[in-house]
Amino acid sequence: FKQKTAYEIPKRDWSSDVCSSDQGTNEVLIVPIDFPDFKGGPGVLEQLAYDKKWLVDWYNYFSNGKSKFNVTTINHWLTMPKPKTSYETNGKIGNALTNANQIQGDQAQVFIDEISKEIDLSKFSTVYTFYPDGDYFLNDLIVRSKLFKTKEGEKYLNFFSWGRNLEGMR
């Protein structure tokens, strides 16, 4: 899949290329994350509503209607306990060509730890996070089907984070 540029995405059944393994209904969580030294501002509910609609529309289009997202949101900034520089998100360390999913998954675990204090993750297949606008410093985490530890036990999840809201997915 190539990002849309000035050209329209051709109409065709994308479900064999995108979302084919996730047909049916998927439970998704969107979490706005900030830090003691990088606080989120007002407008988070509006951003969540926008991201939720965008995500549902995107997935519906690219699955040719074969997949549905039930989207849950945490409707406030979830503040991580440490300053923003305390969180490593550079999946390019070590042998990233063979270990990228494992490395980024290990880095995402600290976010899952905090999120699972707030909400039971057992029903979700995917967690999306975004950070406040402004001095973005974290690299994107893209983790697919990784076994995470949650307060309810171990759970396979996809985990995606972007610098500022889900506009990074475009």
Rounding to 0.5 Å, atoms NZ (K52) and CG (N70) come to a distance of 8.5 Å
Say you draw a straight line from CD1 of I74 to NE2 of H76; how long is it, rounded to the nearest 0.5 Å? 6.0 Å
Exceeds 12 heavy-atom contacts within 6.0 angstrom, atom NZ of K149: no
Would you say E118 and L78 make side-chain contact, with heavy atoms under 4.5 Å? yes
Looking only at heavy atoms, what is the nearest atom pair of K155 and L121, with distance? CE-O, 3.7 Å
I119: which of T150, V127, L29, V31 passes side-chain contact (heavy atoms from CB on, under 4.5 Å): L29
pair F69-E27: side-chain heavy atoms closer than 4.5 Å: no
Exam field: side chain Q104 to backbone I142, donor-acceptor pair closer than 3.5 Å: yes
Are side-chain N/O atoms of T79 and K39 paired as donor and acceptor at under 3.5 Å? yes
Donor-acceptor pair, side chain of S116 and main chain of I112, under 3.5 angstrom: yes
Does the Lys NZ or Arg CZ of K146 fall within the cation-pi geometry relative to F148 - under 6.0 Å from the ring centre and within 45° of the axis? yes
Strictly distance-based, threshold 3.5 Å: is any side-chain N or O of N158 a donor or acceptor partner for the main-chain N or O of S145? yes
Taking the side chain as C-beta and beyond, is there a heavy-atom pair between T72 and F124 under 4.5 Å? yes
Can you label the angle between the F130 ring and the W77 ring as parallel, tilted or perpendicular, going by 30° and 60°? perpendicular
Does one side chain, of S161 or D140, offer a donor that lies under 3.5 Å from an acceptor on the other? no
Minimum heavy-atom distance G105-V143, with the two atoms named: N-CG2, 3.6 Å
Would you give the length of the straight line joining atom NZ of K123 to atom CG of N26, rounded to the nearest 0.5 angstrom? 12.5 Å
Between D34 and G40, which heavy-atom pair has the shortest distance, and what is it? OD2-N, 2.8 Å
To the nearest 0.5 angstrom, please state how far the CZ atom of F159 sits from the CD atom of Q109. 9.5 Å
Minimum heavy-atom separation for S122 to E152, with atom names? N-OE1, 4.4 Å
To the nearest 0.5 Å, what is the distance between OG1 on T85 and CG on D37? 6.0 Å
Heavy-atom distance under 4.5 Å between the side chains of T126 and L157, does that happen here? no
Aromatic ring proximity, centroids under 6.0 angstrom, F35 and Y87: yes
Does the side chain of I30 reach to within under 4.5 Å of the side chain of L48, using non-hydrogen atoms? yes
Could you tell me the separation between the CD1 atom of I115 and the NZ atom of K151, rounded to the nearest 0.5 Å? 11.5 Å
Strictly below 4.0 Å, N to O, side chains only: are K117 and D113 in salt-bridge contact? no
Heavy-atom check, side chain of S125 versus side chain of Y156, under 4.5 Å: no
Is the charged tip of K84 near the ring of F38: under 6.0 Å from the six-membered ring centre and within 45° of its axis? yes
Does a side-chain heavy-atom distance below 4.5 Å link F111 with L141? yes
